[in-house]
Protein chains: 2
Amino acid sequence: MPGKPRPPEIAFRKHDHRRCQRQLLSEATQLCAERKLRLTARRRQVLEALLASHQPMGAYDILAELNQSAGEEHVAPPIVYRALEFLMSEGLIHRIESRNAFISCVQPGHRCGAQFLICRDCEQVAELEGNDDGLLAEADNLGFAVDHSVVEITGVCAECQKHAG
Amino acid sequence: MPGKPRPPEIAFRKHDHRRCQRQLLSEATQLCAERKLRLTARRRQVLEALLASHQPMGAYDILAELNQSAGEEHVAPPIVYRALEFLMSEGLIHRIESRNAFISCVQPGHRCGAQFLICRDCEQVAELEGNDDGLLAEADNLGFAVDHSVVEITGVCAECQKHAG
DNA sequence: AGGCATAGTGTTATATTATAACGTATCGAA
DNA sequence: TTCGATACGTTATAATATAACACTATGCCT
Ligand SMILES: [Zn+2]
Ligand SMILES: [Zn+2]
Ligand SMILES: [Zn+2]
Ligand SMILES: [Zn+2]
């Protein structure tokens, strides 16, 4: 039960995020079960940190959260990076290259390259759906075999344009 | 006299690069003159390092080249980063976000977002021409005001596919 | 020419992001 | 239950990037 698909610009809209969050976590759990993969406590912890918002977080921000919430436990960078690597490989999160940051995927499991609109004012990031077909066709024309695509558009979102008058 | 425009996949083709290089440097010089900007010795040095090939270089690779060729002189990171920033702001080079690297622009001066095909085998990078209109239209639809776009497609180029059998 | 504002450079130190290497623990299958 | 594989924990270090501040060259005004 994948639920209603999220609109692509979800991050830019008010929505019941508590619910959104639960839903995404449950989709992730199910997806790992189907793929016979282990969504371990650590990995879930990292995923949850990212699911807390639709904003990107740096690896060290996540690290800080883990260390905050974890009492005396000391968590070191490799732990976070390994969890991030796993979550990326399964399409549960994405890396925002132009920010050295990570963000939860709103269409978990689609491993193909996502496309992002990044507001440089409010810092929110919208993940668009679908592929950039025109571009992929162009690559194909040149005989280029596409592996992975990074598409990150920076600018100002509709909301922030209003407020900036 | 901007010369013949380069085909977008120039980096993937054999060509008289000595000539290509001279041409790009002269275009850069002219462009800076037109814009009343100073293409200082340092900036030219960094640009030349990037013009030596159509491959991306890390900031520290450039740094190393400067220190090699410069006898006893010691060049420190900020010098390189500042030159890179200038060259990027004028559209003479681009940053490849997914590689933390920089590459000379094959259409110097066009400040809009470029698009790249990156071969993960031979490491060559082709800069495509033009914008990704479909995507920009989609952003527009959402009321998003685009500033800058990053498009980086990783895969295997035609040549490397042949050799890999 | 002299004085001034600005932009560019040099230098030191440090911040930020990411990985190597290696040992231990955990899990699931035989 | 033993074994192999995967995941985790730990330490150290690599790679990338910037802050801060002093000094210098350049262009402009007078
Ligand atoms: Zn949400
Ligand atoms: Zn915004
Ligand atoms: Zn060339
Ligand atoms: Zn190739």
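Checked for salt-bridge contact, A:Arg42 and A:Glu48 miss the test: no charged N lies under 4.0 Å from a carboxylate O. Looking at B:Arg38 and B:Glu90, no side-chain N of the basic residue comes within less than 4.0 Å of a carboxylate O on the acidic one, giving no salt bridge. With respect to the salt-bridge test (charged N to carboxylate O, under 4.0 angstrom), the residues B:Arg99 and B:Glu123 qualify. Under the 4.0 Å criterion applied to side-chain N and carboxylate O atoms, A:Arg82 and A:Glu85 are not assigned as salt-bridge partners.
Distance B:Lys36 NZ to D:dT26 C1': 15 Å, rounded to the nearest Å. A:Asp61 places its CG atom 11 Å from the C1' atom of C:dT16, with the value rounded to the nearest Å. Between the CG atom of A:Leu63 and the C1' atom of C:dA18 there is a distance of 12 Å, given to the nearest Å. In this structure, CZ of B:Arg44 is placed 14 Å from P of C:dG8, rounded to the nearest angstrom. Atom-to-atom, CD of A:Glu97 to P of D:dA17 comes out at 12 Å; the value is rounded to the nearest Å. A straight line from CE of B:Met88 to C1' of D:dT18 spans 13 Å, rounded to a whole angstrom. One interatomic measurement links the two molecules: CG of B:Leu66 to C1' of C:dG10, which rounds to 14 Å at whole-angstrom precision. For the pair B:Ile62 CD1 and D:dA15 C1', the interatomic distance rounds to 14 Å; values are reported in whole Å.
Within the 3.5 Å criterion, the main-chain N or O of B:Leu66 finds no donor-acceptor partner in the side chain of B:Gln45. Side-chain N or O atoms of B:Glu152 include one that pairs as donor or acceptor with a backbone N or O of B:Glu97 at under 3.5 Å.
Between B:His54 and B:His15, the ring planes are tilted. Angles from 30° to 60° get that label.
With sequence neighbours left out, the ring pair (Phe, Tyr, Trp, His ring centres under 6.0 Å) criterion links A:Tyr81 to no other residue.
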field: Under 4.0 Å protein heavy-atom contacts per nucleotide of nucleotides 6-13 of chain D, with B for base, S for backbone only and - for none
entry: -SBBBB--
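Overall, the helix from C:dA1-D:dT30 to C:dA30-D:dT1 carries an axis bend of 30° between its ends, with five pairs at each end and the value rounded to 10°.
At D:dT18, none of the side-chain N or O atoms of B:Tyr81 fall inside 4.0 Å of OP1 or OP2 (strictly under the cut-off).
Residue B:Arg99 is out of contact with every strand shown, counting any heavy-atom pair closer than 4.0 Å.
Transitive grouping of hydrophobic side chains (ILVMFWY, heavy atoms separated by less than 4.5 Å) brings B:Leu92 and B:Ile62 into a common cluster.
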